[in-house]
Amino acid sequence: MLRILLRRRKQPLSTEDVTVTDRPAVRKAVSAAALGNTMEWFDFGVYAYLAGTLGKVFFPSSSPGAQVVSAFATFAAAFLVRPLGGLVFGPLGDRIGRKRVLAATMIMMAISTFAVGFLPTYSTIGFAAPILLLICRLVQGFSTGGEYAGATTYIAEYAPDTRRGFLGSWLDFGTFVGYSLGSGLVTLLTAVLGDDGLVDWGWRLPFLVAGPLGLIGLYMRLRLEETPAFQREAEQAHHDAEEAVAAGGGDPVEEARQSGKGRLKEIFTRHWEAVLICMGLVLLYNVTNYMVTSYLPTFMTETLGQNALTAQLLVLGTMIVVVLSVTTVGRTSDRWGRRPVFMAGSAAMIVLAVPAMLLIRGGGILLPAFGCLILGLLLVCFAGTSASTLPALFPTRLRYGALSISFNISVSLFGGTTPLIASALVQATGNDLVPAYYLMVAGVIGLIATFFLHETAGKPLRGSGPMVESEEQAQELVAQSRTEAGRRARDVWLRLRHPWTRH
């Protein structure tokens with residue numbers, strides 16, 4: 001019994017176990033990570049708002065409905081290669097570091113988005129034009145496979161435990177700022193140039209803006225330091241390797257575990273439950289996200305026949321609401337927990353998806369505005385919480401790779417295909433409530449995933465020690481840990497003296 005009790009004892013924390021974060025470094029890390037997402041979603045906002053225009057430019061021989069489906073098929077194709085990007089960039093980020101991989105994904109995203117602005121049209125080179133567009137989208141998708149997971153990992157590993165929700169929400173703040181900038185630019189061009197001007201040449205301008213944005217983002221990311229959690233993990237791995245060499249050679253089992261194949265096997269055998277929870281939460285967030293940001297503008301114009309400028313302004317207004325409230329939701333998750341926010345959002349999605357869609361198709365401006373607002377408030381529940389919830393599912397040594405793979409498989413199968421599936425189902429069935437039913441299914445899956453989610457608010461990341469904002473907080477945490485260790489030692493002593501008495 002003594003052996004069992006001693007084995008269960010938890011050693012008290014020392015000052016070396018607690019990391020005191022540097023505020024300027026945290027601010028720089030959050031800014032650089034968020035700017036990358038801003039650029040990524042600038043592209044998505046542009047593409048979503050220009051789907052009808054791009055269909056006319058690159059698929060002119062098709063019917064209007066087929067043009068939209070073709071444009072969204074090219075949009076969805078980028079998501080098919082995202083898991084490949086996750087398989088490459090994720091484990092690489094766990095081996096060589098987060099900041100190097102984030103710089104590489106920024107370069108690829110900027111170049112491929114910038115190149116779209118120079119593509120020849122179908123009327124110029126025929127069928128080769130949509131093929132070139134597809135190639136650019138595939139490069140974008142491949143680079144994005146390492147972008148969001150890396151950015152969330154980077155911020156999570158820099159943030160103090162008690163503020164991870166708030167600081168992580170700035171990543172999605174950058175996401176929706178980028179979308180709002182992209183969609184706002186297209187809306188402005190639509191008002192100034194009209195549909196004919198956009199088809200002739202105006203569609204190129206938003207993509208050309210990606211070049212300067214990419215240079216700014218790359219500059220910021222090259223100035224970043226590696227995260228404290230990764231540095232500790234790398235130092236420990238180096239120390240273990242030196243000990244193995246000193247003992248007469250490395251351990252073959254440990255070497256296989258550290259390899260790329262070993263890491264992948266460990267992710268799917270030892271952390272399969274976390275993978276499934278991650279995929280369920282990502283499905284919920286991204287189905288809602290792409291339904292609102294990518295499909296809704298086209299749905300309102302092509303299916304409901306609303307004015308293009310009105311539809312664009314309504315969705316843009318919804319994104320502004322999300323931008324203004326996302327960090328508040330992140331801060332709330334630090335106080336109330338991640339599970340309550342996700343659970344409330346999932347349940348509300350099941351109940352409110354159909355009423356929101358009925359309002360959107362109600363005609364005029366006021367009713368669709370209320371419908372869009374409902375969807376925006378549902379979206380912000382997931383947007384403000386995901387960046388702090390998902391990285392906490394996995395240990396440090398596997399975090400980037402496991403999150404990249406889980407995130408991108410779910411996004412590829414369910415998120416990025418949402419506009420394509422929704423538009424195809426609406427066209428096939430003639431039922432314009434299909435998008436609402438799709439959202440309800442996502443809400444059910446999200447509710448199930450949240451049920452199995454362990455609360456992580458205010459707790460250290462798996463495989464990492466506590467992170468605090470000041471030396472005073474560190475000393476307080478160490479003192480509290482020693483007090484708890486003393487109480488546990490007393491309990492051990494009492495159990496040894498009185499083994500048949502409950503304590």
Side-chain angles (χ1 to χ4, degrees), residues 76 79-80 82-83 86-87 90 144-145 148-149 152-153 156 164-165 168-169 171-172 175 264 267-294 329-330 333 336-353 375 378-395 398-419 421-422 435-457 461-462:
F79 291 85
L80 298 179
R82 282 185 68 158
L87 283 170
T144 306
Y148 186 82
T152 56
T153 296
R164 190 175 300 118
S169 65
L171 182 66
D172 289 276
T175 292
L264 288 177
I267 289 170
F268 288 106
T269 56
R270 297 183 59 186
H271 302 283
W272 61 268
E273 183 178 356
V275 169
L276 291 179
I277 293 172
C278 181
M279 291 179 64
L281 297 178
V282 171
L283 182 152
L284 172 65
Y285 175 22
N286 282 274
V287 166
T288 310
N289 192 6
Y290 291 111
M291 186 70 76
V292 175
T293 59
S294 299
V329 174
S333 75
W336 294 353
R338 324 292 188 219
R339 292 185 78 242
V341 177
F342 264 114
M343 197 162 287
S346 302
M349 177 67 74
I350 298 170
V351 174
L352 297 176
L375 293 181
L378 292 173
L379 173 59
V380 80
C381 291
F382 317 131
T385 318
S386 291
S388 55
T389 304
L390 303 180
L393 292 170
F394 304 103
L398 298 171
R399 183 170 296 124
Y400 198 158
L403 182 53
S404 290
I405 294 168
S406 307
F407 184 90
N408 288 297
I409 289 176
S410 186
V411 171
S412 299
L413 294 178
F414 309 108
T417 58
T418 294
I421 294 175
Y437 303 145
Y438 203 84
L439 289 172
M440 291 176 67
V441 172
V444 171
I445 295 173
L447 198 62
I448 295 172
T450 307
F451 179 79
F452 292 99
L453 177 68
H454 297 288
E455 187 56 70
T456 59
L461 295 171
R462 292 183 61 183

Between [X] and [Y], is there a donor-acceptor pair closer than 3.5 Å when you use the side chain of the first and the backbone of the second?
| X | Y | answer |
| --- | --- | --- |
| Ser410 | Ser406 | no |
| Asn408 | Gly145 | yes |
| Asn286 | Val282 | yes |
| Arg339 | His454 | no |
| Arg399 | Thr153 | no |

Of the non-hydrogen atoms in [X] and [Y], which two are nearest, and what is the gap between them?
| X | Y | result |
| --- | --- | --- |
| Glu455 | Pro340 | OE1-CD, 3.6 Å |
| Ile350 | Met440 | O-CE, 3.6 Å |
| Ile267 | Gly401 | CD1-C, 4.1 Å |
| Leu378 | Leu352 | CD1-CB, 4.4 Å |
| Ala149 | Ser404 | CB-OG, 3.2 Å |
| Ser412 | Arg82 | OG-CB, 3.7 Å |

Would you say [X] and [Y] make side-chain contact, with heavy atoms under 4.5 Å?
| X | Y | result |
| --- | --- | --- |
| Ile445 | Val287 | no |
| Phe407 | Thr152 | no |
| Arg164 | Leu461 | yes |
| Leu379 | Tyr285 | yes |
| Leu403 | Leu393 | no |
| Phe268 | Ile405 | yes |

Is there a donor in the side chain of Arg338 and an acceptor in the side chain of Ser333, or the other way round, less than 3.5 Å apart?
yes
Carefully, step by step, assess Leu284 and Phe342 under the rule side-chain contact (heavy atoms from CB on, under 4.5 Å).
CA-CA 9 Å; Leu284 172 65; Phe342 264 114; 4.2 Å; yes
Before giving the answer on side-chain contact (heavy atoms from CB on, under 4.5 Å), spell out for Leu281 and Thr385 the whole-Å C-alpha distance, their side-chain angles and the decisive distance to 0.1 Å.
CA-CA 10 Å; Leu281 297 178; Thr385 318; over 6 Å; no
Using 0.5 Å steps for rounding, measure from the [atom1] atom of [X] to the [atom2] atom of [Y].
| X | Y | atom1 | atom2 | result |
| --- | --- | --- | --- | --- |
| Asp172 | Ser388 | CG | OG | 9.0 Å |
| Met343 | Leu453 | CE | CG | 8.0 Å |
| Ile409 | Leu283 | CD1 | CG | 13.0 Å |

Verify side-chain contact (heavy atoms from CB on, under 4.5 Å) between Leu171 and Tyr148, making sure each step is shown before the conclusion.
CA-CA 9 Å; Leu171 182 66; Tyr148 186 82; 3.8 Å; yes
Please work out whether the ring planes of His271 and Phe394 are parallel, tilted or perpendicular, with thresholds of 30° and 60°.
perpendicular
